[in-house]
Amino acid sequence: MLDLKFIRDNVEAVKANIQNRFMDADADLVVELYGKYNESLSKLEDLRAQRNDNASKMKGKLSPEERNSLIEQGKELKSQIAELESETTDLKSKLSSEASKIPNMAHPDAPIGKEDKENFQIKVCGTVPTFNFKPLDHVQLGEKLDLIEFERATKVSGSKFYFLKNQAAILELALTRYAIDILMKKGFKVSITPDIAKVDILEGIGFNPRGEESNIYSIEGTDMCLVGTAEITLGGYHAKEIIDLSNGPIFMAGISHCFRREAGAAGQYSKGIYRVHQFTKIEMFVYCKPEESDSIHEQLREIEEEIFNGLEVPFRVVDTCTGDLGSPAYRKYDLEAWMPGRGENGDWGEITSTSNCTDYQARRLGVRYKDDEGKTVICHTLNGTAIAISRALIAIMENNQQEDGSIKIPSILVPYTGFDVIK
RNA sequence: GGACAGGUGUCCGAGUGGUUGAAGGAGCACGCCUGGAAAGUGUGUGUAUCGCAAGGUACCGGGGGUUCGAAUCCCCCCCUGUCCGCCA
């Protein structure tokens with residue numbers, strides 16, 4: 001959520017930003033509701049002051065007439081307060097629902113554009129492989145080597161589920177441990193996080209689980225959801241807290257399952273395990289001071305690069321354009337791995353993403369810290385994918401396939417897998 | 001899941017309808033005392049929000065209710081502890 005005062009004082013900039021992001025939000029309406037809410041609230045507070053004043057007059061001994069007259073006044077105030085309270089609550093909920101539609105401001109350098117085609121390519125790392133044979137996609141490889149099974153998963157759970165089998169299962173564990181080892185060395189505190197979170201935490205992070213197009217599974221009869229990412233639980237971890245940042249930013253890593261509805265997503269570009277209802281992800285999350293977030297964002301991107309350079313996966317880094325940023329992000333970098341089985345002759349496919357959400361999430365979650373002057377300030381939060389297993393598997397399988405149909409394991413993973421080839 | 005017992009400020013802990021934003025103590029901060037320290041002693045010490053300020057409002061686990069007035073009475077929920085049951 002943006003600061004309401006900021007919206008009020010910078011409506012034009014906020015409106016321009018909404019337009020750049022191709023989002024549907026009404027800044028003017030927010031300003032109007034904010035004004036009405038404040039007016040209503042100050043009237044209400046005035047009435048409450050009168051009520052408190054009236055009540056304190058009745059502390060001592062009074063004549064019956066005086067007492068009765070005060071009680072009458074009190075009753076009158078009481079009904080006025082009740083009326084104004086419901087009006088104020090009403091305005092507040094309208095205000096908060098309209099305000100939550102307004103996206104975060106974007107970094108001045110974030111490319112302006114509507115779709116991912118307009119993302120700005122920063123660099124390419126590694127070499128796109130050339131094959132002297134027709135490379136298979138991961139679905140074919142997975143079937144031939146008995147690594148991924150879709151049909152029975154569909155029988156058991158539905159489409160876009162899968163059994164990761166045999167060496168692919170080991171590969172998930174190996175990738176997890178590989179990522180965790182790197183993150184621990186960088187000072188991240190590791191945890192395996194809950195796969196379920198409450199709606200208000202989801203909303204604080206910027207998800208809208210009740211929305212029509214929500215990608216989130218809600219658990220019927222509860223106010224809980226399956227998490228789409230550990231960003232939710234790691235961000236909720238310090239919700240409503242005043243945290244201590246005097247020893248530097250808080251770096252957290254979470255291992256979780258991620259559940260996504262992916263309604264309507266189908267076709268060539270979501271085949272196999274590229275877009276699925278459930279996968280495992282190792283996520284980075286950082287709480288820091290406002291002045292630190294830009295440089296930490298670069299650090300997170302570098303860690304992602306280090307992880308995938310280590311895996312010998314060719315990838316490029318893009319600066320995500322405003323239309324593709326999502327609500328909470330101020331700036332976002334994606335790593336896109338080369339996937340030889342994607343599209344006609346291979347294509348880039350997103351494998352990680354790191355966002356600087358500035359104070360957008362922390363404001364609603366109530367995560368603050370005390371600055372040097374003892375003032376309470378809203379933190380900045382950042383998140384980034386260390387490894388999303390399913391997409392990392394695609395990149396590893398498709399890039400490292402060999403003519404005999406086997407898959408070579410990146411050498412850095414061999415100590416974790418115990419095998420160096422899948423055949 | 002069942003039965004009790006609890007949930008008050010940074011912490012411990014008093015408080016069962018109005019003079020309590022909250023006794024008392026600890027801690028912390030700043031003084032005094034001391035050669036220095038401990039002890040002692042004095043003063044101060046919550047958060048959020050609106051406001052230039054004065055000041056207002058809200059907050060005693062959360063939500064609702066009763067009342068002119070609620071930390072205090074009533075209802076619902078949550079959490080913690082202990083015991084029992086069940087279980088990986």
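The basis for the numbers below is simple: all heavy atoms, side chains too, and nothing from hydrogens, waters or symmetry mates. Note on naming: letters A, B, ... go to the chains in the order of the sequence lines (proteins, then strands), and numbering restarts at 1 for each one.
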* To do: Would you mind building the protein contact string for nucleotides 51-60 of chain B? One character per nucleotide, 5' to 3', B for base within reach (heavy atoms under 4.0 Å), S for sugar-phosphate only, - for untouched.
  => -----BSS--
* Asked: Which word best sums up how the rings of A:Tyr217 and A:Phe259 line up, parallel for under 30°, tilted for 30 to 60°, or perpendicular for over 60°?
  -> perpendicular
* Does the pair A:Arg342/A:Asp137 count as a salt bridge with the N-to-O cut at 4.0 Å? -> no
* Asked: What residue pairs, at least two apart or across chains, pass side chain to side chain donor-acceptor pair (under 3.5 Å) with a residue in residues 414-423 of chain A?
  -> A:Asp181-A:Tyr416
* To do: Give a yes or no on this: more than 12 heavy atoms of other residues, nucleotides or ligands lie within 6.0 Å of atom NZ of A:Lys189.
  => no
* Asked: Looking only at side chains, do A:Glu298 and A:Tyr333 share a donor and an acceptor under 3.5 Å apart?
  -> yes
Length of the [atom1]-[atom2] vector between [X] and [N], whole Å:
X        : N     : atom1 : atom2 : value
A:Lys78  : B:G69 : NZ    : C1'   : 9 Å
A:Lys198 : B:C77 : NZ    : P     : 16 Å
A:Ile71  : B:G17 : CD1   : C1'   : 13 Å
A:Gln73  : B:U67 : CD    : C1'   : 17 Å
A:Lys92  : B:U49 : NZ    : P     : 12 Å
A:Glu65  : B:C68 : CD    : P     : 19 Å
A:Lys43  : B:C50 : NZ    : P     : 19 Å
A:Glu72  : B:G69 : CD    : P     : 12 Å

Work out how far the [atom1] atom of [N] is from that of [M], and round it to whole angstrom.
N     : M     : atom1 : result
B:A54 : B:G6  : P     : 43 Å
B:C60 : B:G46 : C1'   : 12 Å
B:A37 : B:U20 : C1'   : 39 Å
B:A58 : B:G65 : P     : 16 Å

* Would A:Val317 and A:Arg301 count as a side-chain contact (heavy atoms from CB on, under 4.5 Å) if you check the C-alpha gap in whole Å, the side-chain angles of each, and the deciding distance to 0.1 Å? -> CA-CA 9 Å; A:Val317 183; A:Arg301 198 197 74 219; 3.7 Å; yes
* When the nearest nucleotide of RNA chain B is assigned to A:Asn38 and to A:Ala55 on a heavy-atom basis, which residue is associated with the more 5' position? -> A:Ala55
* Taking the six-membered ring for Trp, are the ring centroids of A:Phe285 and A:Tyr287 within less than 6.0 Å of each other? -> yes
